[in-house]
Amino acid sequence: MNILVAVNNTYIKQLNILLNSIQKSNIDEKFDIYVLNGNLTKKQIKEINRGLNLENFCVHDIKIDEEKISDLPVHEARYPLEIYFRIFAVKYLPQNIDRILYLDADTLVINKLNELYDMDFEENYFIATTHVKKILHKFNEIRLGIDRNEPYINTGVLLMNLKELRKTKTDEKIKEFLKKNEKKLILPDQDIISVVYGNKIKIVSDLKYNLGDRNLNYYNLNNPKSKIGIKWIRKNTVIIHYFSRNKPWHKGYVGRLGCFYNKFVEEMEAQNKHKKVLILSCGTGGGHNTAARAVQEELLSRNVKADFKEYLEIINPKLKDGINGLYIKSTNKDGKVFKTAYSLGKMYEKTKLISPVYLLNSLNKEKLYKYIKENKYNFVITTHLFAAQALTAIKKEHHIHFMQIATDYVSIPFWKETNPDYFIIPSKELEEDFIKKGMKKQKLIPLGIPVMKQFRKKYNEQEIKKELKLDINKKYVLILNGSMGFGNVKEVAEKLLENTENITFIISCGNNKELLNTLNAEYKNNERILVLPFTNELGKYMAISNIILTKPGGLTTTEIATMRKPLVHIMPIPGCENYNANYFSEKQMSIKCDNIEQVINTTNELMENKMLQDSLIQNQKKYIDKNTCERISEIVIKELDRGNKQWKNISQKKVII
């Protein structure tokens, strides 16, 4: 069944509600939805899809060239340009479609559409309804010259005979009509179709196919002995239309039909409440938590309730603080302890014995499973190995589904001991590495590393500089050390100040308060150094920076590349961060510096070499997908929807990330 809609960005939510009402009322039907629009983004088109069973619904993004109809009369408050899209739709729709049902976005479908959709056109161009009675029709006869025997229709519901419409040559007639009657127009789309096609329109019952509060009240007022009520409507009406300004999603709505809209929205919200997401991560480095929160943010924006929880917080809060503290200590003094531990992990992995790390995490399986069951979660996502190992141990004994997300550009030791339903990895080029390390190819999905929305949006750099009270004419280099603030930043800063000119350095200290205090004391009166404490608006500082110097953490590096910024890698924590730096430099998305002298030379050269900057950015565009979060969320939501039908032993839908 073909459905046609025409919207701008102000009606995304209403259109999504309409499509979900079609889905609920026509369970076994398959639909092709053609969305006529001028400039909806890919993200907005995805929002239209929200909640739909994509096996039965296919949404087609049909762009209209607004320039070609820009001379048509519009009125911002009464009739936008989009009202004309349905009139010219036949030019934009596939040639193999013979009929299509147009619906305004402020309609709601409460019963099956088959009877209307399959109706015989009887050689007419349209099947529609009229809300105009004798007195108003007389007014339209005078205003527009409509024949007394021809209807004036409401164009919110139109079954269109595309096969016959393609044979007509009415463009000039439409333009001539508009030119002649521009000052007489009240509802241009209805005026045009009623006048130009009036003798080729088949009229059907408005009570059944285009019921609004106004025509319901009119009917009941004139038929006191056969009034229709909610019970009759629920059984007989197919399409409810909230035309005019009186709509149930607006304040001050007055009407009886709002109960259908409100009930449907309540059901949608209740269904989404069952899709609850708990995010499992671990605070050994900030990247795992931030990636998890990025997925949480995206799911929340899609009305899926998402909770975040540190894995060790569930197991033992005291243990959490101890392990996180050990990790931070292991990265001190150039990360020698961490490097040793990472190397030992790689060596132990080669023995093919079950690792002590897995054995320790498997001990937590009952406590974690109890938490999942008590909170009625039925899908799990984790961004950390520890939680993935515990979930794998649970999966051996219980019915559980989970996804894990890698946050480094390498397969770290012991991933092979996990058994997720989906394993999101950073790149297709890394598949071979993960397969060699023991992961099954069919589980690997190369979507990228998820980042927060602030790193995926576009910024006006001049406006952001003013907002941050920075000089709009200065060049800025941002120095990042991750959320924990690792690395010998003070030494790097001193050498850069000595060997560069006309550059202001912004140093992000993350959560490292000791570093913050040290740098503030050292550079308090230095105009070329801005010391930045932990901030939730790091994306803005990235946006105004000409170059970014950073340790090669997987998450931070991906954030920068997603923002398309010239990137220099410095001060890696030994282990997986070396692999991150190598991957990016090999793909020419960053420049890797192994010592301070290289950092100084690279910073000076890159600041002056626009061609090199552009080359790095173009390669970032090639390898780093901005839509990772959206694509992960689509998989999760699809799993949740499928869970309604397949996961019989779980009473409600929830997700843990």
Side-chain angles (χ1 to χ4, degrees), residues 12-13 16 20 43 46-47 49-52 265 267-283 286-314 368-369 371-384 386-388 390-391 394 400-407 420-424 445 447-457 483 536 539 555 558-559 562 626-644 647 650-657:
I12 299 295
K13 180 180 178 180
N16 179 252
N20 274 275
K43 184 176 179 181
K46 287 179 180 178
E47 183 64 17
N49 279 309
R50 184 170 52 83
L52 299 180
V265 171
E267 288 175 355
M268 282 183 67
E269 290 175 350
Q271 183 181 4
N272 285 332
K273 283 179 182 177
H274 295 313
K275 298 174 183 178
K276 184 180 175 185
V277 180
L278 173 66
I279 303 177
L280 282 181
S281 181
C282 200
H288 303 290
N289 286 353
T290 307
R293 289 196 181 278
V295 180
Q296 177 196 30
E297 178 186 54
E298 183 63 32
L299 288 167
L300 285 172
S301 73
R302 294 167 179 252
N303 289 337
V304 177
K305 190 176 185 323
D307 303 328
F308 173 86
K309 197 79 174 176
E310 281 204 37
Y311 160 67
L312 293 174
E313 182 76 30
I314 298 171
L368 181 58
Y369 181 65
Y371 186 88
I372 293 168
K373 193 169 183 180
E374 285 180 351
N375 289 280
K376 299 179 181 177
Y377 300 111
N378 64 3
F379 193 75
V380 182
I381 306 173
T382 179
T383 57
H384 199 279
F386 291 174
L391 291 166
I394 293 171
I400 189 170
H401 299 264
F402 75 96
M403 170 192 287
Q404 63 196 36
I405 300 172
T407 58
D421 294 83
Y422 303 97
F423 191 178
I424 309 300
I445 306 178
L447 297 183
I449 296 175
V451 301
M452 303 285 284
K453 287 184 178 181
Q454 65 168 306
F455 304 105
R456 286 140 53 194
K457 66 186 289 188
S483 64
N536 288 317
L555 194 282
T558 306
E559 290 171 344
T562 301
K626 282 192 171 189
N627 300 313
T628 297
C629 263
E630 289 94 330
R631 295 171 71 186
I632 290 173
S633 295
E634 286 165 7
I635 293 172
V636 174
I637 291 170
K638 187 175 181 180
E639 279 296 307
L640 290 171
D641 290 337
R642 188 168 69 175
N644 264 345
W647 300 342
I650 300 174
S651 60
Q652 291 184 328
K653 289 181 167 185
K654 298 188 179 183
V655 182
I656 298 182
I657 299 177

Kindly compute the distance separating [atom1] ([X]) from [atom2] ([Y]), expressed to the nearest 0.5 Å.
{"X": "Leu368", "Y": "Tyr311", "atom1": "CG", "atom2": "OH", "result": "6.5 Å"}
{"X": "Leu640", "Y": "His401", "atom1": "CG", "atom2": "NE2", "result": "11.0 Å"}
{"X": "Leu300", "Y": "Ser633", "atom1": "CG", "atom2": "OG", "result": "9.5 Å"}

Do the side chains of [Y] and [X] get nearer than 4.5 Å, heavy atoms only?
{"X": "Leu447", "Y": "Ile635", "value": "yes"}
{"X": "Leu299", "Y": "Ile637", "value": "yes"}
{"X": "Phe379", "Y": "Val636", "value": "yes"}
{"X": "Ile449", "Y": "Leu555", "value": "yes"}
{"X": "Val451", "Y": "Cys629", "value": "no"}
{"X": "Asn289", "Y": "Glu310", "value": "yes"}
{"X": "Val380", "Y": "Met403", "value": "no"}

Please confirm whether the backbone N or O of [Y] pairs with a side-chain atom of [X], one donor and one acceptor, at under 3.5 Å?
{"X": "Arg293", "Y": "Phe308", "value": "no"}
{"X": "Asn20", "Y": "Asn16", "value": "yes"}
{"X": "Asp421", "Y": "Phe402", "value": "yes"}
{"X": "Gln296", "Y": "Ala306", "value": "yes"}
{"X": "Thr290", "Y": "Gly287", "value": "no"}

Mind telling me whether His288 and His384 have parallel, tilted or perpendicular rings, with 30° and 60° as the class edges? perpendicular

Of the non-hydrogen atoms in [X] and [Y], which two are nearest, and what is the gap between them?
{"X": "Phe455", "Y": "Thr562", "answer": "O-CG2, 3.3 Å"}
{"X": "Pro450", "Y": "Thr628", "answer": "N-CG2, 3.8 Å"}
{"X": "Phe386", "Y": "Cys282", "answer": "CD1-SG, 3.9 Å"}
{"X": "Lys457", "Y": "Gln454", "answer": "CG-O, 3.6 Å"}

Not counting sequence neighbours, which residues clear salt bridge (charged side-chain N to carboxylate O under 4.0 Å, His left out) with Glu559? List them please.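 Residues passing salt bridge (charged side-chain N to carboxylate O under 4.0 Å, His left out) with Glu559: none at all.
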
Please name all residues satisfying ring pair (Phe, Tyr, Trp, His ring centres under 6.0 Å) with Tyr422, sequence neighbours left out, ordered by chain then number.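 Scan of Tyr422 (ring pair (Phe, Tyr, Trp, His ring centres under 6.0 Å), adjacent residues dropped) gives none.
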
Step by step, would you call Arg631 with Ile445 a side chain to side chain contact (heavy atoms under 4.5 Å, CB included)? CA-CA 10 Å; Arg631 295 171 71 186; Ile445 306 178; over 6 Å; no

Could you walk me through whether Ile405 and Thr382 pass the side chain to side chain contact (heavy atoms under 4.5 Å, CB included) test, one step at a time? CA-CA 6 Å; Ile405 300 172; Thr382 179; over 6 Å; no

I would like to know whether Glu630 and Arg456 meet salt bridge (Lys or Arg N to Asp or Glu O under 4.0 Å); could you show each step before the answer? CA-CA 11 Å; Glu630 289 94 330; Arg456 286 140 53 194; 3.5 Å; yes

Residues Thr383, Ser281; criterion side-chain hydrogen bond (donor to acceptor under 3.5 Å, both in side chains); working and verdict: CA-CA 5 Å; Thr383 57; Ser281 181; 3.2 Å; yes

Going by an N to O cut-off under 4.0 Å, is there a salt bridge joining Glu297 and Lys453? no

